[in-house]
Amino acid sequence: MTMQEDHKDCFVLEGKMALPNQNFAGRLGSRFLIAIRDRKKIMGLKCNPCGKTFVPPREYCEKCWTKIADNWVELGTEGELVNFTVVRYGDRHLPKKPPYILGQIRLDGADTPLVHIVEGIDPRDVESGIRVKAVFAEKTTNTIMDIDHFEPV
Amino acid sequence: MTEYFGTTVADIFATMPKRFKPEEAKEVDIAIGYEATGEGGGKWKATIKHGTLKVETVEGELTGCKTTIHTDAETFVGVTLGKIAALDALSSQKLRVAGDPKFLMLLLPKIFTPYAAPAKKPDAVTARDIIATIAERFRPEKAEGVAMTIGYDLAGEGGGKWTIVIREGKCAVREGLADPLTVKMTMEAKTYAGMMVGTIEAVTAFTSGQVKIEGDMAAAGATAKYFLKYVVPGATEAEELISLRVINSIEQRFATGPVMGRWFAGIREKKFLANRCPKCGRTQIPPREICAWCRVRVHEFVEVGPKGVVTHFDIVYFASPDPLTGAVRDTPYATAYVVFDGATEREAITLDLKQEDIPRLKEGARVRPVWAEVTTGSYRDLIGVELDEEEGSI
Amino acid sequence: MKMHAKNRNVAIIGIGQTSLSSHKEDQNQAEMVHEAVRNALADAGLKIGDIDCIVHGNMELFEMQFAPDLWHSLGTGAYGKDEYRITTGGTTGATLVCAADNLVASGLYDTVLAIGMEKLQEGNTTGGITNMADPLWFRNLQTGALTGTTAQEIIDEFGEERAKRAAMRYRIMMDKHAMLNQRAHRRLGLEYSQMEDLMANSPPLVGELRLIHMCSQSDGACAMIFTSEEKVKQGTKNPPVWMRDHIQVHREETIPNLFGFNKPEVTHHLAARKLFARNGIQDPVAYFDVFEMYDPSAWWAVDWLREFFLLTGDEHLRMLEAGDFDMDGRIPINPSGGVIASNPIGATAMLRLAEAALQIRGDAGGHQIKKEVRHALASGFGGTFWSVLMILEKELNWQEVNHD
Amino acid sequence: MATKRVAICAVAQHKNDSDLWHKRFQGMLLDVLEELQAQAGFTFDEETGVNTIVSCSDDFFDARTISNNGVTDVLGAQYRGEEKMAQEGLNAVGYAQAVILSGYADLVLVMGHCKESQSESRRMISNMGFDPFYGRAVGLDNLNAAALQARAYMKKAGLTEEQLAGIVVRARQLAARNPYANAREIVEAGKVVASPQLCDPIRQLHAYPVSDGAVGMLLASEERAAEFTDKPVWIAGFANCMDSYFLGDRDLTANFALKQAAGRAYRKAGIADPRKELDLVEVMDAYAYQQPLWLEGLGLCGDGEGARFLDQGGQEKYRVNLSGGMLAGNPVIIAGLYRAAEAALQLKGEAGERQVPDLHRAVAHSTTGAAGQFHSVLILER
């Protein structure tokens with residue numbers, strides 16, 4: 001479109017979209033998060049028919065529709081870094097100052113890798129396949145950030 | 001006292017000073033009366049001033065209260081515990097507020113932490129059960145270089161004698177008391193279990209002599225940090241359901257475009273510029289790119305007002321909090337639907353009416369704009385309208 | 001509007017709801033949605049594999065969840081399936097029904113599961129609604145969906161005493177209906193003897209709109225399963241309920257005109273007039289056996305009964321006063337207790353249709369109306385006076401009217 | 001009886017721009033509406049005109065609850081039916097097709113808009129697409145999720161930095177001929193390879209630019225299409241598909257959802273072998289690596305063969321993203337709708353300088369969510 005318009009009256013008003021929220025982890029999510037916060041344990045949920053162990057928690061296996069909400073298994077707090085990126089931009093929603101490593105970590109005993117932050121290694125040296133372990137947060141927030149980060153074993 | 005939902009009205013008032021948040025109440029100056037009728041009820045008065053709280057029971061009349069809450073004891077407890085929604089109780093008149101109800105809805109949650117019923121006594125848990133979990137609750141990272149033996153001599157049902165050995169980052173539990181021990185603790189098994197599940201305060205138990213400590217007192221005090229807190233298995237009564245409170249905020253750049261831009265250019269000059277549909281002639285205030293009825297682009301601007309007539313109005317008694325600050329404007333306030341002189345029928349604009357004018361506001365009243373001292377070209381330039389009485393047309 | 005015969009007929013064969021309440025701390029959003037989905041599948045006797053397509057909707061700024069269907073897929077069962085997310089504010093639940101109807105009728109999908117949800121406890125409802133106003137001018141002036149202008153208009157037209165009694169009679173009637181519905185959120189146990197007290201003492205919100213008149217803020221989800229006539233012929237667990245027709249009417253955003261008094265023709269009236277005309281329904285009060293109406297406040301409800309039933313003068317008040325809208329009246333309104341009792345916004349309009357369908361099936365339980373329900377009407381409301389109206393039938397025997 | 005086929009009769013695009021600071025989205029949509037009316041001459045008459053509008057916008061990007069509430073008038077939707085597709089806009093075309101096939105309407109206007117420049121950061125918005133406890137908290141957004149996918153895919157397919165640069169260079173060259181594209185400046189491969197890493201391995205120039213835009217289309221039943229165009233483009237098939245939500249549940253390089261969606265769309269269109277039966281492809285390539293990955297998912301080459309496919313001239317053979325694609329800049333909420341618009345223009349023979357001859361059948365693709373959780377596929381034919 002090639003509408004010619006006069007821009008002389010046009011301007012931009014600065015504003016914001018801001019609303020208060022309260023999010024609920026639910027019973028299942030609370031058990032998972034409290035285990036990390038209070039017991040420093042990472043729990044998975046196992047689907048017996050599929051033979052797969054999932055993390056983060058979910059009520060049922062979406063592949064076979066089996067309810068797995070009670071089938072907790074304890075995972076290791078160590079695992080393998082299977083994939084990663086280096087975050088180099090800075091936005092307000094990011095939990096760390098860039099640059100930092102965001103990785104996919106397959107915990108011992110789990111089939112699905114968990115997305116988390118990897119520290120204690122230079123972004124230039126990181127590679128897939130290294131072993132990492134969870135470092136739990138001193139100051140807890142009731143989210144997955146109660147694991148502060150993972151670091152090489 | 002009669003319990004509702006396992007709690008008495010008196011419990012709630014007894015914990016009020018503990019739940020009070022003085023830093024949130026610095027600006028507050030209010031006396032709130034409570035009258036809970038029925039079994040277990042009574043009258044209380046809470047006076048909040050200069051960040052202090054005084055709670056007293058009242059015999060006879062409740063006097064000197066700015067806001068008074070009347071309800072039956074059961075509803076009072078239910079609302080306090082969140083078992084009954086406050087809005088529902090208020091709607092059904094089971095809970096009545098004399099004075100401004102916004103204090104109940106907005107002020108109280110701000111200056112008090114919520115009442116939490118104490119967890120049910122997990123009677124089923126014995127000292128033996130708890131000792132059995134010690135090794136798995138051990139935190140080796142906290143006990144680096146620690147070497148000690150702790151003896152427990154726990155008398156009564158569920159009790160026994162155990163030795164906990166911490167050495168080289170490992171922890172083991174053995175039946176019986178080893179010799180020597182770094183420290184030995186003797187008490188009733190019930191007392192130990194109570195301290196571990198949180199129904200008995202440890203400091204009280206020590207100071208009252210319920211716990212006897214022999215050996216290294218300092219070492220005894222340090223042991224707690226080597227272990228994770230004991231959690232009662234299947235303690236559904238006290239189950240914690242996690243929630244996060246956040247304010248999600250994203251900065252925005254709202255474009256005016258040429259049409260709203262022109263409106264703001266007018267506002268800066270204290271003029272109302274409507275745009276007029278070339279087909280039906282209606283004046284759009286504020287102006288829009290198109291006339292929705294005729295589906296034609298609207299180019300022509302006409303000045304309307306600045307005075308106008310109120311066709312409808314809303315007197316608002318229950319302001320909602322500003323989602324950002326939680327601040328609530330004074331009530332009542334009025335929004336008037338104003339048709340400016342020269343505007344077409346029904347093309348009203350909603351504007352705030354000056355608060356002092358509310359008692360005299362009527363449909364058909366004439367109003368004039370109240371402008372900000374400095375106009376910059378935004379909605380903030382127009383404070384609202386006030387009654388235009390010089391023309392005597394009210 | 002040019003209407004063709006439907007490409008094929010569409011029936012509702014499964015209905016699932018969660019309980020409706022002010023709080024659901026034990027479920028996250030996906031889990032709450034899943035509860036409704038499980039219930040709908042169980043009601044239909046189907047497995048998730050029998051569903052071809054999912055339609056999801058809510059208002060994302062209440063929960064502040066961007067593209068929420070992506071996360072909620074953990075509850076909807078959308079994995080591996082076609083999925084659409086269609087929203088229209090308060091009318092969302094009704095729009096989802098229209099969309100499911102269209103998708104099945106089109107022949108593109110045989111069996112479609114529609115899900116409306118809201119977890120209002122997770123957000124700030126009034127702030128969220130205020131956020132619909134134009135940021136340049138009106139956002140600082142609006143207070144959610146609260147207004148007293150309709151009350152004032154009814155008072156101006158019919159006198160203060162009669163108007164106030166009508167609104168309160170409607171409100172108490174709704175509570176009496178809600179008391180019969182185990183799933184309803186607000187069940188207050190009001191009696192007609194409390195009328196004077198409530199009229200005088202219920203805390204005022206805006207003008208004569210009092211707290212007691214206004215709808216609740218609820219958490220909840222509703223799921224419904226739609227399928228084709230061909231599939232129905234292969235057998236269904238419950239009797240099918242037929243989607244006969246639907247209509248949507250939107251109107252421009254301008255806040256002064258938002259709440260109803262700028263009325264060349266009220267959208268509800270326009271929707272009803274067109275829908276009834278093209279379906280050959282001359283007398284809607286006589287034709288329909290029940291009406292589940294989206295009633296955000298008692299004042300609006302009283303006003304809108306006139307619009308939806310194309311009544312004039314004080315006919316609607318006379319009917320209300322005579323008990324015609326009661327559970328055992330001529331045309332019962334909201335046996336479920338309506339929106340005033342329960343309002344999880346993205347699900348609310350779908351709940352109207354779900355409740356109407358349960359009435360046709362005779363499965364409404366405690367709030368089932370006594371007489372046989374063969375023809376039902378349901379409405380949705382949202383946006384700046386947007387209207388959706390839907391007709392449900394027990395039998396597949398209506399006459400095609402005004403089609404080419 | 002209802003219609004058997006649905007036609008796209010008219011297409012209008014607003015030029016994409018990095019910052020249309022001088023326009024409200026209402027103004028952008030009105031330009032599109034007027035352009036559509038000028039092309040097709042339809043009305044909003046109650047008997048014979050448009051009575052149903054399927055809009056597409058997003059509450060987060062518009063920063064307003066019920067985003068379609070702000071645009072009812074400029075959609076022509078006053079006293080008419082309107083539904084908002086709250087997913088990416090290609091789904092609006094798919095849904096509008098269903099509305100016509102159902103018999104409910106014989107004309108549907110599809111109208112989408114988005115101003116990405118309005119908000120502080122589109123990444124902050126996509127962060128809110130993650131659940132609050134496991135995804136949002138760890139800072140996941142659509143960029144860093146894509147970067148995880150990019151690394152996995154580059155490894156699997158052997159995709160090189162040079163090939164990524166080639167994708168960007170080609171996109172810009174093609175965009176230079178598309179007057180509606182946002183990023184139309186030619187770039188050289190060296191500049192792409194040297195552009196700073198944004199989120200490894202995604203570099204600044206591998207990512208689509210922030211864009212503002214609007215698109216509209218008029219769809220009609222087979223019986224009525226001729227009233228509005230003598231070059232109708234027919235919808236032959238549409239399908240979409242949802243993948244698992246958690247990134248860890250997916251093989252990020254497997255294209256599960258896209259293969260499902262494409263398979264279903266091809267079946268509806270009667271396509272047995274897409275490699276033989278498609279003449280033109282428009283994919284939603286928000287990041288350079290996605291172009292070969294999605295081409296694999298569409299079945300134009302085998303799994304893990306995307307990189308080789310580029311070297312063998314696959315892009316030219318299937319006329320991939322002649323518009324410049326999303327890398328030349330479209331807002332994410334309607335990028336697929338732009339894909340459909342471009343494919344339709346090519347089939348109509350109205351694509352101006354970017355027009356190619358001998359087209360019969362085209363595919364338009366879109367994706368939503370992190371690392372392609374959801375995909376949609378539309379098949380158009382002449």
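What you see below is based on every heavy atom in this structure, not just the backbone, and it leaves out hydrogens, waters and symmetry mates. Note that the coordinates shown come from a computational prediction; the quantities given were computed from them, not determined experimentally. Lettering follows sequence order; numbering is per chain, from 1.
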- Residue C:L136 versus chain D: region with a heavy atom under 4.5 Å: side chain
- Does C:G128 offer a backbone N or O that forms a donor-acceptor pair with the side chain of D:T65 under 3.5 Å? yes
- Item | Region of D:Q260 in contact with chain C, defined by heavy-atom distances below 4.5 Å | side chain
- Query: Any donor and acceptor pair, going by atom type alone, linking the side chain of C:Q248 with main-chain N or O of D:E83 inside 3.5 Å?
  - Reply: no
- Message: Using the rule ring pair (Phe, Tyr, Trp, His ring centres under 6.0 Å), only one of D:F246, D:F374, D:F256 pairs with C:Y79; which is it?
- Response: D:F256
- Looking at D:A370, D:S244, D:A261, D:A257, which makes the most heavy-atom pairs under 4.5 Å with chain C? D:S244
- With a 6.0 Å cut-off on ring centres, are C:H246 and D:Y104 close enough? yes
- Query: With a 4.5 Å heavy-atom cut-off, do D:F133 and C:N28 have their side chains touching?
  - Reply: no
- Which region of C:A99, side chain (C-beta onward) or backbone (N, CA, C, O), has a non-hydrogen atom less than 4.5 Å from a non-hydrogen atom of chain D, or is it both or neither? both
- Message: With a 4.5 Å cut-off on side-chain heavy atoms, are C:T76 and D:M242 touching?
- Response: no
- SB check D:R264 C:D52 (cutoff 4.0 Å): no
- Residue, of D:V99, D:N91, D:T368, D:N127, that accumulates the most heavy atom pairs under 4.5 Å with chain C: D:V99
- Do C:M64 and D:P132 have side chains that get closer than 4.5 Å, going by heavy atoms? no
- Query: Based on non-hydrogen pairs under 4.5 Å, which of D:I53, D:L107, D:D58 is most in contact with chain C?
  - Reply: D:D58
- Message: Please identify, among D:D45, D:D59, D:D73, the residue contributing the most non-hydrogen atom pairs under 4.5 Å to chain C.
- Response: D:D59
- Backbone N/O of C:E265 and side chain of D:Y79: donor-acceptor pair under 3.5 Å: yes
- Which atoms of C:L74 come close to chain D, meaning under 4.5 Å heavy atom to heavy atom: side chain ones, backbone ones, both, or neither? side chain
- Could you tell me whether the side chain of D:Q87 and the main chain of C:E83 form a donor-acceptor pair under 3.5 Å? yes
- Message: Looking only at heavy atoms and a cut-off of under 4.5 Å, which of C:V10, C:V249, C:T87, C:T267 has the most pairs with chain D?
- Response: C:T87
- Query: Is there a donor-acceptor pair under 3.5 Å between the side chain of C:H250 and the backbone N or O of D:R80?
  - Reply: no
- Can you tell me if D:N69 and C:T384 form a side-chain donor-acceptor pair at under 3.5 Å? yes
- Task: Sort C:D69 into side chain, backbone, both or neither according to what part of it lies under 4.5 angstrom from a heavy atom of chain D.
- Result: both
- Inter-residue atom distance C:W71.CH2 - D:R136.CZ, 0.5 Å rounding: 7.5 Å
- Counting only heavy atoms closer than 4.5 Å, note whether C:L270 contacts chain D via side chain, backbone, both or neither. side chain
- Note on the structure: When rounded to the nearest 0.5 Å, the distance separating OG of C:S106 from CD1 of D:I100 is 11.0 Å
- Message: Taking side chain as everything from C-beta outward and backbone as N, CA, C, O, which of these in C:S73 sits under 4.5 Å from a heavy atom of chain D? Side chain, backbone, both or neither.
- Response: side chain
- Under the 3.5 angstrom rule, does the side chain of C:Q65 hit a backbone N or O of D:F130 as a donor-acceptor pair? yes
- Would a distance-only check, ignoring hydrogens and angles, find a side-chain to backbone donor-acceptor pair under 3.5 Å from C:D82 to D:A239? no
- Query: Counting only heavy atoms not in D:K259, do more than 12 sit closer than 6.0 Å to its NZ atom?
  - Reply: yes
- Item | Backbone N/O of D:T72 and side chain of C:E252: donor-acceptor pair under 3.5 Å | no
- Message: Under 4.0 Å between a side-chain nitrogen and a carboxylate oxygen: does that hold for C:E253 and D:R64?
- Response: yes
- Looking only at D:S126, D:G81, D:C241, D:G49, the option with the highest number of non-hydrogen pairs under 4.5 Å against chain C is D:C241
- Of the listed D:Q97, D:Q373, D:M85, the one with the largest count of heavy-atom pairs under 4.5 Å with chain C is D:Q373
